[in-house]
Amino acid sequence: QVQLVESGGGLVQAGGSLRLSCAASSRAFTLDNWFDLYTVGWFRQAPGKERQFVAGISRNAGSTYYSHSVAGRFSISRDNAQQTTYLQMNSLKAEDTAVYYCAASTSPVLAGDNFNYWGQGTQVTVAS
């Protein structure tokens with residue numbers, strides 16, 4: 001019902017910044033504010049490792065939550081009118097290298113196993 005498309009990944013030097021975007025669309029809803037119904041999260045998966053939660057944002061952007069490894073460096077935001085979620089990544093480190101995915105859920109929980117719509121991912125590579 002919900003399609004998610006990430007963009008903004010690439011190659012960056014350690015200490016640099018990138019801004020990822022996640023554009024959402026749906027053919028199931030006719031309401032203009034349908035995106036307001038969804039909690040959005042960012043996850044990442046490095047080669048040979050399990051997927052891990054990075055950041056989550058509530059439906060009205062009133063609450064955010066970050067993993068310990070990115071807190072203070074990454075910032076999640078959303079523009080409900082544009083059905084787009086962002087992940088601003090600053091002070092990037094080599095260990096941030098991964099495929100980054102955005103995900104959406106109708107659950108209000110900001111992290112965990114509740115996300116049931118996923119994008120295809122965008123590669124972020126941080127050169128040390």
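Residue indices begin at 1 and follow the sequence shown.
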Between Phe43 and the options Tyr101, Tyr100, Phe53, the ring pair (Phe, Tyr, Trp, His ring centres under 6.0 Å) test singles out Phe53
Okay, side chain of Ser26, backbone of Gln1: is any donor-acceptor separation there less than 3.5 Å? yes
Applying a strict under-4.5 Å side-chain criterion to I, L, V, M, F, W and Y, I'd like to know whether Leu87 and Trp118 cluster together. no
Over 12 foreign heavy atoms within 6.0 Å of CG, Asp113: no
So CD of Gln123 and CD of Gln45: to nearest 0.5 Å the spacing works out to 11.0 Å
Interatomic spacing from OG1 in Thr106 to CG in Asn116 - rounded to 0.5 Å: 6.0 Å
Which class fits the ring pair Tyr117 and Tyr38: parallel under 30°, tilted 30 to 60°, perpendicular over 60°? perpendicular
Val109 versus Thr39: any side-chain heavy-atom pair under 4.5 Å? no
Donor-acceptor pair, distance only, cut-off 3.5 Å: does the side chain of Ser107 make one with the backbone of Ser105? no
Over all atoms of both residues, closest heavy-atom pair of Val12 and Leu92: CG1-CD1, 3.6 Å
Side-chain heavy atoms under 4.5 angstrom apart, residues restricted to Ile, Leu, Val, Met, Phe, Trp, Tyr: same cluster for Phe115 and Leu110? yes
Short side-chain to backbone donor-acceptor contact, Asp96 and Asn90, under 3.5 Å: no
Separation of Ile76 CD1 from Met89 CE (nearest 0.5 Å): 12.0 Å
Do Arg73 side-chain atoms and Ser91 backbone N/O form a donor-acceptor pair below 3.5 Å? yes
Do you know which two heavy atoms are closest between Thr84 and Ser21, and how far apart they sit? CG2-CB, 4.3 Å
Quick one: do Trp34 and Ile57 end up in the same hydrophobic cluster if we chain Ile, Leu, Val, Met, Phe, Trp and Tyr together by side-chain heavy atoms under 4.5 Å apart? yes
Can you tell me how far the OG atom of Ser25 sits from the CD atom of Gln83, to the nearest 0.5 Å? 8.5 Å
Applying the 4.5 Å side-chain criterion to the ILVMFWY set and letting contacts propagate, would Val126 and Leu18 be lumped into a single cluster? yes
Shortest non-hydrogen pair, Leu4 vs Gln120, comes out as O-OE1, 3.6 Å
Between Ser77 and Asp79, a side-chain donor and acceptor under 3.5 Å: no
Rounded distance (nearest 0.5 Å) linking atom CZ of Arg78 with atom OG1 of Thr64: 12.0 Å
Give a yes or no on whether the backbone of Leu37 and the side-chain of Arg59 come within a donor-acceptor separation of less than 3.5 Å. yes
Can you see which heavy atom on Ala127 is nearest to which on Leu11, and at what distance? CB-CD1, 4.2 Å
Is the gap between the ring centers of Phe74 and Trp42 under 6.0 Å? no
N/O donor-acceptor pair under 3.5 Å between Glu6 side chain and Gly121 backbone: yes
Distance, nearest 0.5 Å, that separates CG of Leu20 from OG1 of Thr85: 11.5 Å
Given side chains that start at C-beta, do those of Val2 and Phe35 come closer than 4.5 Å, heavy atoms only? no
Could you pull out the closest heavy-atom pair between Tyr66 and Ala55, with the gap in Å? CD2-CB, 3.6 Å
Ser128 and Ala14: which non-hydrogen atoms are nearest, and at how many Å? CA-CB, 4.2 Å
